[in-house]
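One structure is given here, and the rest of the page talks about it.
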Number of protein chains: 2
Amino acid sequence: MGRRPDLDWSHACRDCAVGTSAVCSTLDVTALADLRNQGSSIQLAAGQPLFHQGDPADRTFSLTSGVVKLYSVLPDGRRQVIAFHFPGEFIGFSPSEDYHCTAEAVSAATLCRFETGRFEQFARSSDELARSRHERVARDLVAAQTRAMVLGQAAARERLAHFLCDVHRRSQARPAGASGIVPLPMSRSDIAEYLGLAKETVSRELSALRATGIVRTISRNLLEIRDMERLRRLAIV
Amino acid sequence: MGRRPDLDWSHACRDCAVGTSAVCSTLDVTALADLRNQGSSIQLAAGQPLFHQGDPADRTFSLTSGVVKLYSVLPDGRRQVIAFHFPGEFIGFSPSEDYHCTAEAVSAATLCRFETGRFEQFARSSDELARSRHERVARDLVAAQTRAMVLGQAAARERLAHFLCDVHRRSQARPAGASGIVPLPMSRSDIAEYLGLAKETVSRELSALRATGIVRTISRNLLEIRDMERLRRLAIV
DNA sequence: TCTGCAGGTTGATCCAGATCATTCGTGGCA
DNA sequence: TGCCACGAATGATCTGGATCAACCTGCAGA
């Protein structure tokens with residue numbers, strides 16, 4: 001799993017599942033221990049919230065396992081899933097005092113928690129951490145802008161195809177193998193709220209993809225992409 | 001216009017219209033001159049491109065006057081306007097080698113151009129610049145995520161209302177007065193492509209807002225908000 | 001083993017907004 | 001002054017996906 005040979009790894013982060021891809025991987029061993037020591041690892045059960053829209057944004061998190069969704073809710077109950085986050089990704093950068101959305105575990109998840117202010121200090125003292133953080137946020141920005149394309153222009157089938165490709169790519173990042181198996185720990189409603197569709201439409205379009213042999217359903221939340229070529233062509237973006 | 005009294009302003013940036021709100025406002029006078037000297041001010045006529053999707057991302061820009069749109073185009077011609085940018089905003093942060101979208105002036109515009117690599121160096125040496133840049137990108141990210149809410153959940157009328165409030169706020173930032181006048185230098189098609197609607201729908205909904213007295217059309221691209229309260233209630237987000 | 005129920009799928013109908021078509025208005029130019 | 005061209009507004013029609021309504025399926029708990 002490619003651990004960095006220049007570190008002795010004899011501290012709390014030694015066994016981190018996302019050690020080489022997380023933001024903190026840019027820190028040397030002393031700084032890392034230092035940063036880590038301020039906070040702790042948290043475990044969430046599926047469905048448990050990490051923070052709520054409007055809470056003071058005094059924590060940031062590095063997701064080490066599981067899937068977390070960000071969403072916000074309108075007064076009238078309409079709900080938009082803003083993003084799904086996968087292991088190795090960072091959660092909780094906020095340009096304001098408060099979180100502007102709610103974060104909730106989709107499956108059992110573990111995270112590293114940092115106190116935002118101290119993280120900020122580290123960013124000040126470490127060019128590398130600051131640079132890496134900037135790159136991450138910039139990547140999130142591009143992802144969010146790509147979503148504008150999907151939500152603004154793509155038809156239901158295209159949205160779903162794009163979603164499946166995206167989840168495949170991002171969950172695949174870890175276990176290497178190009179298996180075509182896609183874990184879908186989130187419910188159909190979550191997917192629908194992410195794609196700006198009704199859950200019935202997600203169900204129907206998934207059935208359609210199944211009917212054309214592009215995809216096979218292994219179980220409720222496990223799916224196999226059988227024709228990546230065609231799926232990608234559908235995904236457009 | 002609130003110039004910072006601790007600077008002598010006796011250099012090229014002295015007359016910058018967005019001096020106090022631009023990223024570079026965090027730099028002291030020497031660093032600023034230094035950063036500025038590498039690049040130059042550019043002028044664009046309405047419709048002129050700043051960069052194209054796929055171009056190497058070796059320039060970043062600070063918009064000092066005018067409006068610029070970012071958009072990307074699908075192979076089949078569908079087009080999504082990703083963002084409109086107003087004076088004081090930054091353009092061209094990219095986490096990859098290439099720009100992922102095209103930038104084009106909507107009205108005549110002037111910008112400061114920085115060489116990305118050198119800007120990066122400055123960010124390394126100036127905590128403040130790095131922090132300010134991070135804050136900007138994080139704000140852009142929140143804006144992009146808010147757009148997901150709008151594009152995923154809002155009805156046509158709500159989208160338009162949200163758009164008008166947003167443009168009002170962001171263009172108002174500069175001339176202070178709470179006049180209710182909104183300049184709309186972009187075409188109806190631009191707005192439609194920004195909101196994921198057909199241009200006919202934008203036209204119709206605008207007429208509807210006019211009919212209910214919420215809004216008044218001064219000219220093709222100048223509009224007055226007559227009932228901000230109701231417009232905001234429509235905008236939802 | 002049965003029962004309840006939450007999440008998922010499928011079917012029938014409806015409607016917001018797309019699309020196609022026409023008309024209107026304004027500004028540039030001979 | 002009249003003509004042209006292009007963007008905007010409006011009208012008529014069509015349709016993708018929402019909504020409403022059963023129904024199915026697999027698991028938890030008695």
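Letters go in sequence order (proteins before strands), and every chain restarts at 1.
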Spacing between [X] atom [atom1] and [N] atom [atom2], to the nearest angstrom:
{"X": "B:Asn221", "N": "D:dA9", "atom1": "CG", "atom2": "C1'", "result": "16 Å"}
{"X": "A:Arg188", "N": "D:dT25", "atom1": "CZ", "atom2": "C1'", "result": "13 Å"}
{"X": "A:Asp190", "N": "C:dG8", "atom1": "CG", "atom2": "C1'", "result": "13 Å"}
{"X": "B:Gln153", "N": "C:dA16", "atom1": "CD", "atom2": "P", "result": "17 Å"}
{"X": "B:Leu209", "N": "D:dA8", "atom1": "CG", "atom2": "C1'", "result": "16 Å"}
{"X": "A:Leu222", "N": "C:dG8", "atom1": "CG", "atom2": "C1'", "result": "16 Å"}
{"X": "A:Leu206", "N": "C:dG7", "atom1": "CG", "atom2": "P", "result": "17 Å"}
{"X": "B:Arg79", "N": "C:dA18", "atom1": "CZ", "atom2": "P", "result": "17 Å"}

*Would you give a per-nucleotide map of nucleotides 10-24 of chain D, 5' to 3', where B means the base has a protein non-hydrogen atom under 4.0 Å away, S means only the sugar-phosphate does, and - means neither?*
BBB----SSBB----
*Could you label the plane-to-plane angle of the A:Phe119 and A:Phe90 rings as parallel, tilted or perpendicular, counting under 30° as parallel and over 60° as perpendicular?*
tilted
*Hey, can you tell me if B:Phe61 and B:Phe51 have their rings parallel, tilted or perpendicular (30° and 60° cut-offs)?*
parallel
*Given side chains that start at C-beta, do those of B:Leu222 and B:Pro183 come closer than 4.5 Å, heavy atoms only?*
yes
*Heavy-atom count around A:Arg232 CZ within 6.0 Å, excluding the residue itself: above 12?*
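Result for CZ/A:Arg232: open.
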*Please, which pairs that meet salt bridge (Lys or Arg N to Asp or Glu O under 4.0 Å) have at least one residue in residues 149-168 of chain B, sequence neighbours excluded?*
A:Arg78-B:Glu158, B:Arg157-B:Glu205, B:Asp166-B:Arg169, B:Asp166-B:Arg170
*Decide, yes or no, whether a salt bridge links B:Glu135 with B:Arg139 under the criterion of side-chain N to carboxylate O below 4.0 Å.*
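Salt bridge present between B:Glu135 and B:Arg139.
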When you compare the protein's N or O atoms with those of nucleotides 22-27 of chain C, which come within less than 3.5 Å of each other, and at what distance?
none

*Among A:Leu209, A:Leu231, A:Leu234, A:Val215, whose side chain to side chain contact (heavy atoms under 4.5 Å, CB included) with A:Leu160 holds?*
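That would be A:Leu209.
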_Pairing donors with acceptors under 3.5 angstrom, does anything connect the side chains of B:Arg210 and B:Thr217?_
yes
*Between B:Phe84 and B:Glu89, which heavy-atom pair has the shortest distance, and what is it?*
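Scanning both residues, the minimum pair turns out to be O-OE1, 4.0 Å.
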